[in-house]
Peer 1: 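Have a look at the structure that comes next, please.
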Amino acid sequence: PNALFCLGTIPAVFDQAGTWAIQVLIEAPEPVLETSQLRYVHAFLRELRRLVGNDNVQTPLSELDPERMSEAELRSRAAKPDVEIPLAHTVDREIALITVPCGESWRSPEAVALVKAIRALPHPRLEVSVGGPTAYQVDVRQTLAEWGRRVAVLVVVWNLLVLLHGFRSL
């Protein structure tokens, strides 16, 4: 998963986890940072961690656990720079972005299975969308499987009609 490049005589390793990350977008009916919504988000995060492992769920929302902290503690923790700055980049009112690094290539069967498994997770009172290159690939394949034959037949029929009309066979 790491790319090795040579800069002069010193080899450099660049982590490509961002390229193969699965993006999970959560949309709540109310602001995500409200205690009631954080409970739903943390329930989803627990299920997500069971699926992919603790280290593979990247979100500053993990620092704000409403089960272990009072509302005052949640506000205080959210105001600390180590949480506030990442929150500013990943949370906007009712929407939160969670990153799930995929240790496999984005085209691998394991990554595809992971996208499908994340989409199948229960998420009561939350709208969950899964994105990234792997999810895009899954969606394109599903769309082609569903509509590909119909479109191909339509194109063939249209071309035959144009040819028949062009040669005045109709």
Side-chain angles (χ1 to χ4, degrees), residues 1-140:
N2 291 335
L4 181 64
F5 296 95
C6 192
L7 301 173
T9 58
I10 303 169
V13 177
F14 297 95
D15 181 17
Q16 295 181 349
T19 306
W20 294 310
I22 297 170
Q23 304 297 326
V24 180
L25 187 73
I26 294 178
E27 187 173 355
E30 297 173 26
V32 172
L33 295 177
E34 285 188 13
T35 305
S36 62
Q37 300 308 307
L38 274 173
R39 290 185 204 289
Y40 298 122
V41 170
H42 272 264
F44 177 75
L45 289 175
R46 279 192 296 278
E47 293 297 322
L48 187 57
R49 282 191 182 95
R50 274 193 204 113
L51 182 66
V52 300
N54 273 342
D55 296 338
N56 289 332
V57 177
Q58 298 175 355
T59 177
L61 293 171
S62 297
E63 300 292 323
L64 305 173
D65 189 351
E67 302 299 325
R68 294 184 294 142
M69 303 168 96
S70 68
E71 287 197 39
E73 290 173 321
L74 286 171
R75 280 192 299 275
S76 172
R77 184 71 180 117
K80 295 196 176 180
D82 65 322
V83 176
E84 182 183 34
I85 294 169
L87 279 176
H89 292 259
T90 60
V91 176
D92 184 24
R93 292 181 298 270
E94 294 87 13
I95 297 172
L97 179 66
I98 298 167
T99 303
V100 179
C102 184
E104 303 292 327
S105 167
W106 66 274
R107 290 180 270 181
S108 71
E110 294 84 5
V112 170
L114 183 57
V115 165
K116 290 178 179 178
I118 293 172
R119 286 180 171 169
L121 286 176
H123 47 82
R125 298 193 184 202
L126 298 172
E127 288 289 323
V128 175
S129 302
V130 181
T134 304
Y136 178 75
Q137 171 192 346
V138 169
D139 294 342
V140 166

Peer 1: Going by the rule salt bridge (charged side-chain N to carboxylate O under 4.0 Å, His left out), which residues pair with D139 if we only count those two or more places apart in sequence or in a different chain?
Peer 2: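 Result, salt bridge (charged side-chain N to carboxylate O under 4.0 Å, His left out) vs D139: R119.
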Peer 1: So do V130 and V138 actually touch side chain to side chain, heavy atoms under 4.5 Å?
Peer 2: no
Peer 1: Taking all atoms of both residues into account, what is the closest heavy-atom pair of Q23 and L97, and its distance?
Peer 2: OE1-CD1, 3.5 Å
Peer 1: Working note: I22 + I98, criterion side chain to side chain contact (heavy atoms under 4.5 Å, CB included); need CA distance, chi angles, decisive distance, verdict.
Peer 2: CA-CA 8 Å; I22 297 170; I98 298 167; over 6 Å; no
Peer 1: Please determine whether side chain to side chain contact (heavy atoms under 4.5 Å, CB included) holds for the pair L87 and L33, giving the CA-CA distance in whole Å, both sets of side-chain angles, and the decisive distance to 0.1 Å.
Peer 2: CA-CA 10 Å; L87 279 176; L33 295 177; 4.2 Å; yes
Peer 1: Indicate yes or no: at least one non-hydrogen side-chain atom of L114 is less than 4.5 angstrom from one of L51.
Peer 2: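 Yes, side chains in contact.
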Peer 1: Could you pull out the closest heavy-atom pair between Q37 and V32, with the gap in Å?
Peer 2: CB-O, 3.7 Å
Peer 1: So, taking the atom named CG in L45 and the one named NE2 in H42, what distance separates them when rounded to the nearest 0.5 Å?
Peer 2: 6.0 Å
Peer 1: Can you name the closest pair of heavy atoms from T99 and A21 and give their distance?
Peer 2: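 Nearest pair, atom of T99 first, then A21: CG2-CB, 3.6 Å.
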Peer 1: How close do A78 and V83 get, heavy atom to heavy atom, and via which atoms?
Peer 2: CA-CG1, 4.1 Å
Peer 1: Measuring from E34:CD to L74:CG, what's the distance to the nearest 0.5 Å?
Peer 2: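 It is 11.5 Å, given to the nearest 0.5 Å.
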Peer 1: Rounded to the nearest 0.5 Å, what separates atom NE2 in H89 from atom CD in E84?
Peer 2: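 One gets 10.0 Å once the value is rounded to the nearest 0.5 Å.
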Peer 1: Roughly how far, to the nearest 0.5 Å, is CD of E73 from CG of D65?
Peer 2: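 Those atoms lie 11.0 Å apart.
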Peer 1: Could you check whether any side-chain heavy atom of S62 comes within less than 4.5 Å of a side-chain heavy atom of R49, counting everything from C-beta outward?
Peer 2: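 Yes, their side chains come closer than 4.5 Å.
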Peer 1: Quick check: do T59 and V24 have side-chain heavy atoms less than 4.5 Å from each other?
Peer 2: no
Peer 1: Would you compute the distance between atom CG of D92 and atom CD of E27 and round it to the nearest 0.5 angstrom?
Peer 2: 10.5 Å
Peer 1: Indicate the atoms forming the closest heavy-atom contact of R125 with P29, along with that distance.
Peer 2: O-CD, 3.2 Å
Peer 1: Mind checking what makes salt bridge (charged side-chain N to carboxylate O under 4.0 Å, His left out) contact with R39, not counting sequence neighbours?
Peer 2: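 Only E67 meet the salt bridge (charged side-chain N to carboxylate O under 4.0 Å, His left out) criterion with R39.
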Peer 1: Using every non-hydrogen atom in the two residues, find where S105 and A111 come nearest and quote the distance to one decimal.
Peer 2: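 Scanning both residues, the minimum pair turns out to be O-CB, 3.5 Å.
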Peer 1: Could you tell me the separation between the SG atom of C102 and the CZ atom of R107, rounded to the nearest 0.5 Å?
Peer 2: 12.5 Å
Peer 1: Does any N or O in the side chain of T134 come within less than 3.5 Å of the main-chain N or O of V112, such that one atom is a donor and the other an acceptor?
Peer 2: no
Peer 1: Do V128 and L121 make a side-chain contact, defined as non-hydrogen atoms from C-beta onward lying under 4.5 Å apart?
Peer 2: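 In short, these two side chains do not touch, never coming nearer than 4.5 Å.
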